[in-house]
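In what follows, every heavy atom counts, from backbone to side chain, and hydrogens, waters and symmetry copies are set aside. Given the structure is predicted, the values throughout are model-derived calculations rather than measurements. One-based numbering along the sequence shown.
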Amino acid sequence: MDEQRVLPPTGKTSALLYYLAYQATWVSREDILYLFWPDTPEEKARRNLRQLLSSIRNLAFIQTLEID
C-alpha cells in the first residue's frame, strides 16, 4: 500500500474546509463572507473568498469539492 502523509492547510483555508465538512450541505457565499470577513466591505470580502477558493482548488487532496 502506497500511503502518503497529507498535512492540512493552515489558517482560513483549513477553517473553511472544516466548516464545510461540518455543515455537510451547501453553504451560501453570503454565510461564508459573514463568517470570515464580517467587518469587511462586501466587494473586498468577495475578492478574499475568490482567492481562498482558488487556493483550495489547488490543494492536491481536494478533487471532489463541489463549488457552484
Check the pair Val27, Tyr19 against side chain to side chain contact (heavy atoms under 4.5 Å, CB included), reporting the backbone distance first and the verdict last.
-> CA-CA 9 Å; Val27 178; Tyr19 178 74; 3.8 Å; yes
Residues in side-chain hydrogen bond (donor to acceptor under 3.5 Å, both in side chains) with Thr25, at least two apart?
-> none
Arg50 meets the side-chain hydrogen bond (donor to acceptor under 3.5 Å, both in side chains) criterion, sequence neighbours left out, with none
For the residue pair Thr13 and Ser55, what are the closest heavy atoms and their distance?
-> OG1-OG, 3.7 Å
Sorted by chain and residue number, the side-chain hydrogen bond (donor to acceptor under 3.5 Å, both in side chains) partners of Glu30 (sequence neighbours excluded) come out as Arg46
Distance, nearest 0.5 Å, that separates OG1 of Thr40 from CG of Asn48 = 6.5 Å
What distance do Leu49 atom CG and Leu33 atom CG have between them, rounded to the nearest 0.5 Å?
-> 5.5 Å
Step through the shown structure and confirm whether more than 12 heavy atoms of other residues, nucleotides or ligands are within 6.0 Å of CD on Gln23.
-> yes
Group every Ile, Leu, Val, Met, Phe, Trp and Tyr by side-chain heavy-atom contacts under 4.5 Å, then state whether Leu53 and Leu35 land in the same group.
-> yes
Would you mind reporting whether Lys12 and Trp37 have side-chain heavy atoms less than 4.5 Å apart?
-> yes
